[in-house]
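One structure below.
This one's a predicted model, so the numbers in the text were calculated from it and none came from an experiment. Protein chains get the first letters and strands the later ones, always in sequence-line order, with residue 1 at the start of each.
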Amino acid sequence: MSHNEATISEQASGLPAIQVYNTLSRDKESLVTVKPGEVGMYLCGPTVYKPSHIGHMVGPVIFDTVKRHLAYSGWKVTWVVNITDVDDKLIAESSRRGMTMAALAEEMTADYLENLAALGVTSIDEMPKATDHIGTIITFIEGLIAKDRAYASDGDVYFDVQKDPDYGKLTNRSVDAMQGEGGSTADRKRSAADFALWKKAKDGEPAWESPWGPGRPGWHIECSAMSEAILGDHFDIHGGGLDLVFPHHENEIAQSESLHDCPMATYWMHNGLMQASGASGKVGGRPRGEAGEAESIEAQTAAKISKSTGAEPFKTLLARHEPEAIRMLLLSTHYRSPIHFGEEPLAESARALEAFRRLFARNERVCGTSFYALPSRTRQLGDVAVAAAGEEVTALRSKFLTAMDDDFNTAIAIATLFDYVRVVNKYIDQHQLEANKPEAELATLAAMMDTLRELTGVLGLFVAPPKASGGADEALVGQLMELVIEIRANARKSKDFATADLVRDRLGAMKIVLEDRADGTGWSRKS
RNA sequence: GGCUCCGUAGCCAAGUGGCUAAGGCAGCGGAUUGCAAAUCCGCCAUCGUCGGUUCGACUCCGACCGGAGCCUCCA
């Protein structure tokens, strides 16, 4: 209700109406920002103790797309992704590898950043590290203690869940039902669900001085402290994987809202988790009550990819698959749904990519312009420019944008792009643009491609040409292919189809496809 | 046991209280081609099961069956 007035003011500033699914309300809500025209967005980033795997890439790709769409639509977006570089897991891993925690964190952060870059996640504005914000964190904790929401206990500091009346509101949990972490810390806490804000250092552990003695931050506090420092007490969108809803985000809310007496984030967005399709058996998680029956062999079970499943490092995945196919796969399912991941789905995405790239190549033959060289556009510019591309394209663009405005429905957006490709191909077919080159029609084609570039840019797809797959001899291969094609063309001219077909078949065996078009013969590699 | 969510064609995957239930892959028929490839045209689902609400449900409610996630510092 209260959103309505603000929605109007948001629209008054010329911004489109956007719906966002909010985990807090379990419903879609209109986007109304704290500051009109600006969006502050925080995504929980990785704990950098191991090389990242595909699961770590889901959130960044999705929120990169969210940011692209909001920025394209006219908001000024500030996107923060934190790096958690102090944590029990880092301590354990670094001592196992005989290196300092800082060195481990640096290595794994570099790995993470390279993987993001490969996927085209380029729009992160700030990546604060927990260890750069120890002071912020300590001040935050002191604030909570001063408000009697937290208490020191033998060098630790805990958040007092009993003092927080709406604790559990994000996940609909009651404090009583909470078991909390057991073990040695249990007797230092007032109630089981209390969680650590500050942990006392044991001998030899990395430690920072604090009012409670040497120690390190607990898990959730760095996000509360750093989001406050960069985005303020109340910002717009907080994101993360569904597995973080509890306890991580629940606890962030508890800390931040107890200290600030205002909402931490207006919208809580959670992405679905990667599932390894075809994985056998259940992996990880709490065992279900009874002993499991024998797994049916044919049964396609899926299991969340996590540290416990031993998902392969993203780097080795990249050795086998194009990053763009991975991005395409991540965006072709709605972001709140689980994504089935595996070799087969990836291969299918790669095939989907080809339909677009064939059109780009076709356009280049006709117009001489590279798709990748086309400039990106804002939404407002596109509103005007699209008319030149014709009615069908105008309708598709509007369908695309409606889908994106409705909780970032990238699946529908991509579906309209497939329709789009068909419309353009048909246009080229019908006007025989490859044979003749009538100026007016070429201009329309160019307008179509401009708008396609506008839309794919929103998804972060096809922003750069794919890396050449071949080695150093690529130029030589090109020359040889020209020669082979010329010789084959002569055979065809003299109706020696046996020779022409032999050449094509033998090349096919080498995964090279020949296409005899009206304007000549082209070749491409088959994936 | 508590809390979330899902079950749509051979496979993947959107979506809707009533109009032709998106799109992709695979398949089939056609145009085009020397034959192919590419491209275009066409075909290919009554929405887990059983009840209920409703003039009308695949869409709302309930039960059941099946699957996933969280309740353990996993993105």
Side-chain angles (χ1 to χ4, degrees), chain A residues 23 26 43-47 52-60 62 84 87-89 168 171-174 176-183 193 195-196 199 218-220 239-248 250-251 270-275 277 282 284-286 289 299-309 311 328-329 332-334 336-340 344-345 347-349 351-352 354-355 358-359 361-362 399 403 409-419 421-422 425-426 428-430 434 492 495 497 500-501 504-505 508 513-518 521-524 526:
Chain A
T23 304
R26 315 245 167 223
L43 175 70
C44 285
T47 300
S52 40
H53 61 252
I54 179 65
H56 296 109
M57 298 294 125
V58 181
I62 287 166
T84 298
D87 173 272
D88 293 2
K89 293 192 295 284
T171 47
N172 192 21
R173 274 160 224 259
S174 67
D176 306 334
M178 224 71 74
Q179 298 165 9
E181 47 188 322
F195 54 91
K199 292 180 162 187
W219 177 32
H220 319 292
L242 266 170
D243 55 343
L244 291 184
V245 182
F246 191 91
H248 188 53
E250 194 73 80
N251 291 351
H270 293 98
N271 59 270
L273 305 178
M274 268 293 169
Q275 306 208 323
S277 48
K282 286 202 181 81
R286 173 171 298 183
Q300 280 277 304
T301 56
K304 186 181 72 165
I305 292 176
S306 72
K307 62 170 182 181
S308 50
T309 64
M328 180 70 138
L329 179 61
S332 55
T333 302
H334 186 92
R336 277 187 275 119
S337 301
I339 304 169
H340 295 102
E344 193 42 49
E348 201 174 292
S349 290
R351 262 173 271 150
E354 291 307 315
R358 279 193 297 264
L359 174 64
R362 199 179 187 197
K399 188 178 172 194
N409 196 326
T410 53
I412 291 184
I414 288 175
T416 67
L417 292 183
F418 280 103
D419 288 333
V421 168
R422 180 157 18 84
N425 271 318
K426 203 195 299 191
I428 297 173
D429 281 356
Q430 285 177 344
E434 281 160 317
R492 290 179 71 212
K495 304 264 187 240
F497 294 121
D501 291 349
R504 192 173 58 200
D505 291 348
V513 183
L514 288 187
E515 293 179 27
D516 295 322
R517 297 182 302 258
T521 298
W523 69 278
S524 60
K526 203 178 160 164

Checklist entry - Is the Trp219(A) ring parallel, tilted or perpendicular to the His248(A) ring (thresholds 30°, 60°)? => result parallel
Checklist entry - To the nearest 0.5 Å, how far apart are CG in Asp243(A) and CG in Asn271(A)? => result 8.0 Å
Next on the checklist: Mind checking if Gly59(A) touches a base, just sugar-phosphate, or nothing, with heavy atoms under 4.0 Å?
Outcome noted: nothing
Checklist entry - Atom CZ of Arg173(A) and atom P of G1(B): how far apart are they, to the nearest Å? => result 17 Å
Using a cut-off of under 3.5 Å, enumerate the N/O to N/O pairs linking the protein to nucleotides 36-39 of chain B.
residue: A36(B); atom: N6; partner: Asp516(A); partner atom: O; Å: 2.7
residue: A36(B); atom: N1; partner: Asp516(A); partner atom: N; Å: 2.9
residue: A36(B); atom: N3; partner: Arg504(A); partner atom: NH1; Å: 2.9
residue: A38(B); atom: O3'; partner: Arg358(A); partner atom: NE; Å: 2.9
residue: U39(B); atom: OP1; partner: Arg358(A); partner atom: NE; Å: 3.3
residue: U39(B); atom: OP1; partner: Arg358(A); partner atom: NH2; Å: 3.1
residue: U39(B); atom: O3'; partner: Asn425(A); partner atom: ND2; Å: 3.4
residue: U39(B); atom: O2'; partner: Asp429(A); partner atom: OD1; Å: 3.4
residue: U39(B); atom: O2'; partner: Asp429(A); partner atom: OD2; Å: 2.4

Item to check | Distance, C1' atom - from A38(B) to U33(B), rounded to whole angstrom | outcome: 11 Å
Checklist entry - Expressed in whole Å, how much space separates the C1' atoms belonging to G48(B) and G67(B)? => result 11 Å
Checklist entry - Considering only A22(B), A75(B), A13(B), which nucleotide approaches the side chain of Lys399(A) most closely? => result A22(B)
Checklist entry - Looking only at atom C1', what distance separates C47(B) and G18(B), rounded to whole Å? => result 16 Å
Item to check | Atom-to-atom span, CZ of Arg336(A) to P of A13(B) - whole angstrom | outcome: 16 Å
Next on the checklist: Pairing check on U20(B): which nucleotide meets the Watson-Crick or G-U wobble criteria with it, both distances under 3.5 Å?
Outcome noted: none
Item to check | Under 5.5 Å and under 30°: Phe418(A) stacked on G24(B) | outcome: no
Next on the checklist: So, taking the atom named CZ in Arg492(A) and the one named CZ in Arg504(A), what distance separates them when rounded to the nearest 0.5 Å?
Outcome noted: 8.0 Å
Item to check | Whole angstrom value for the distance that separates C1' of C71(B) from CG of Asn172(A) | outcome: 12 Å
Item to check | Span that lies between the P atom of C64(B) and that of C74(B), in whole angstrom | outcome: 34 Å
Next on the checklist: Between G69(B) and C58(B), how far apart are the two P atoms, rounded to whole Å?
Outcome noted: 30 Å
Next on the checklist: How many whole angstroms separate atom CE of Met57(A) from atom P of A75(B)?
Outcome noted: 11 Å
Next on the checklist: I need the CG-P distance between Asn271(A) and G69(B), as an integer number of Å.
Outcome noted: 15 Å
Item to check | Electrostatic pair Lys526(A)-Glu515(A), nearest N-O below 4.0 angstrom | outcome: no
Checklist outcome for this item: Rounded to whole Å, CD1 of Ile414(A) lies from C1' of C25(B) at a distance of 14 Å
Checklist entry - How far, in whole Å, is C44(B) from U20(B) if one measures between their C1' atoms? => result 15 Å
Checklist entry - Does any nucleotide pair with G27(B) by Watson-Crick or G-U wobble geometry, both distances under 3.5 Å, and what is it? => result C43(B)
Next on the checklist: Between C60(B) and A22(B), how many Å separate the two C1' atoms, rounded to a whole number?
Outcome noted: 23 Å
Item to check | Pairing partner (Watson-Crick or G-U wobble, both distances under 3.5 angstrom) of G66(B) | outcome: C6(B)
Item to check | Interatomic distance where CZ belongs to Phe246(A) and P belongs to G2(B) [whole Å] | outcome: 17 Å
Checklist entry - What's the closest nucleotide to the Gln275(A) side chain, out of G69(B), A75(B), C71(B)? => result G69(B)
Next on the checklist: Let me spell it out: for each of Glu348(A) and Ile339(A), pick the nucleotide of RNA chain B with the closest heavy atom. Which residue's pick is nearer the 5' end?
Outcome noted: Ile339(A)
Item to check | Distance test, side-chain N/O of Ser337(A) to OP1/OP2 of C12(B), below 4.0 Å | outcome: no
Checklist outcome for this item: Side-chain contact check for Arg351(A): nearest option of C25(B), A75(B), A14(B) is C25(B)
Checklist entry - With respect to the side chain of Ala500(A), which nucleotide from G34(B), C74(B), A14(B) is positioned closest? => result G34(B)
Checklist entry - Atom CD in Glu354(A), atom CG in Leu359(A): separation rounded to 0.5 Å? => result 12.5 Å
Checklist entry - Expressed in angstrom and rounded to an integer, what is the separation of Met274(A) atom CE from C74(B) atom C1'? => result 15 Å
Next on the checklist: Under 4.0 Å from OP1 or OP2 of G15(B): is there any side-chain N or O of Asn409(A) that close?
Outcome noted: yes
Next on the checklist: From the set C35(B), A75(B), U4(B), return the single nucleotide nearest to any side-chain atom of Arg26(A).
Outcome noted: U4(B)
Checklist entry - What integer number of Å spans the C1' atoms of C65(B) and U16(B)? => result 25 Å
Item to check | Base-pairing mate for C60(B) - Watson-Crick or G-U, with both contacts under 3.5 Å | outcome: G52(B)
Checklist entry - OP1 or OP2 of A13(B) less than 4.0 angstrom from a side-chain nitrogen or oxygen of His340(A), does that happen here? => result yes
